[in-house]
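First comes the structure, then the notes that go with it.
Atom set for the values below is all heavy atoms of this structure, side chains included, hydrogens, waters and symmetry mates excluded. Throughout, protein chains are lettered first and strands after them, A, B, ... in sequence-line order, and every chain is numbered starting at 1.
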Amino acid sequence: MNKKIKKIFINFLFFFMLFIAQLAIIANAAYPLNRLQLFLSLLSVMLLFNKNDNCIWAWWILFAVVLNSYSIYPIFVIPLILTITILISDFSFNNFFTNRSYYSLLAVCFIATIFYNIFLLWLKHILDNLYFQNMNFVFDVFLTDLLWQILLNSFIAIIFFAFFKRLKYAR
Amino acid sequence: MLDKKKIKLQLFFILAVIILSVFLFKTKNNIITNSWPAKIFIKIQSPASAFFARFNKSFSILFNNESAQCDTEKIIENYLIIHNEKNKILIKENENLKATVNFLSDSGYLHGKKDNFISAYIISKDQVDQSIIIIDKGLKDGLRAGMPVIKDRGILIGKIIKADDFISYIILTTDNRSQFAVSINDEDEISGLACGNYNLTIKMDLIPIDKDIKKGDIAITSGSEKFVPHGLIVGKIVKVDKNDNDIFQSAELAPLSSMDNLNIITILKNE
């Protein structure tokens, strides 16, 4: 019982810190650092390490709901897209990149970032047309932002991967 | 192959997300940002965000400095540069606030009409659309959707599009989704509709073709909108599109103040 409470507390603390980092630090950073989606990097690393911990996905969804509450868009946008991203990344990792290597990590991180951004753009496009009848979209800007995001997410994911790997072997 | 247990659990999570989303979508108010933990969080976050914004500014100056090396003298020099830049940023912030206070004083917001404006910190950005900014004041502070946001000497930078209990969301004038009723050179006859142009400039449409406008003219708010007073500076005309066969002409405006690195802003509460 104590172990379970400890695990819940650790998970809560981890997601709270991630939330603060994403909302207070990264959002206020200078371009292109503010393009970083820290949670996608961590998600990619967790997909490789936490294969048997199904509870963690419930935490991810809860995190997405709280993150989406700081937005003018309806509350289902980030949770829905994050769920689809998790499913696609998990499926691709299980079927195409089964080993726990840096190449797998980079591939999963790349897939997660691409799908997250494309689905977000698609849903935003629908909602913008519904609410504003106008859209703030320039393809070149989107592409540049996406490239920066892939680079930064992969870089951070590699750092976390190295850290987790060392932690795992240390045990 | 995925095992059955995992598929079941994933389906359960998807179902949970759908139910949670429908429940939260149906509730009129944002129950998460309107809760008391959110209030505490915002109280902590606003000074933290201001600190990180200042830190980022001074760090980016250091980052751009070519002479960044590792010896002690350079470290001290870099420390002094950061310290100096921090002071400069504070002085700039102070000047902006002074300019705003002067504008508010001249416009009668400070004398007689108490509580007609409020200053707020920018705490974050919308997590779905990064061009929308979040401030640490909301409905409880008297803010409503549609209220204008200014900086310096009455330069309009955007308007509130949504207000929760403790936070509000601001759309900038350069955003495609923002629209303002404006007039040129304070002449009632030359009025039109200004809307953002891909986060870069402002486009002004529906100006009658017979009206004479030229490069360098200043566009100000016409005052015909609810909450938005007359006389706030929207931008300067940088290009005029005129075709004699059309009924209307259009113009491109450049904002008079940078929309980057915003830290403290003022909201006018004209009810």
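- Using a 4.5 Å cut-off between heavy atoms, Gln130(B) contacts chain A through its side chain alone, with no backbone atom that close.
- With sequence neighbours excluded, the residues that form a side chain to side chain contact (heavy atoms under 4.5 Å, CB included) with Phe115(A) are Ile88(A), Ile111(A), Phe119(A).
- Within 6.0 Å of CZ in Phe19(A) there are more than 12 heavy atoms belonging to other residues, nucleotides or ligands.
- Within 6.0 Å of the CZ atom in Phe12(A), the count of heavy atoms belonging to other residues, nucleotides or ligands does not exceed 12.
- Nearest heavy-atom pair across Gln127(B) and Ser71(A) is N-CB, 4.4 Å.
- Only the side chain of Leu120(A) comes within contact range of chain B, with at least one heavy atom under 4.5 Å from a heavy atom of that chain.
- Taking the salt bridge (charged side-chain N to carboxylate O under 4.0 Å, His left out) definition, one finds that Asp145(A) meets it with Arg35(A), sequence neighbours left out.
- Heavy-atom minimum distance, Ile134(B) versus Tyr70(A): CD1-O, 3.6 Å.
- Side-chain N or O atoms of Ser124(B) include one that pairs as donor or acceptor with a backbone N or O of Leu23(A) at under 3.5 Å.
- At most 12 heavy atoms of other shown residues, nucleotides or ligands fall within 6.0 angstrom of atom CZ in Phe155(A).
- The minimum heavy-atom distance linking Ile123(B) with Asn28(A) is given by the pair O-ND2, 3.2 Å.
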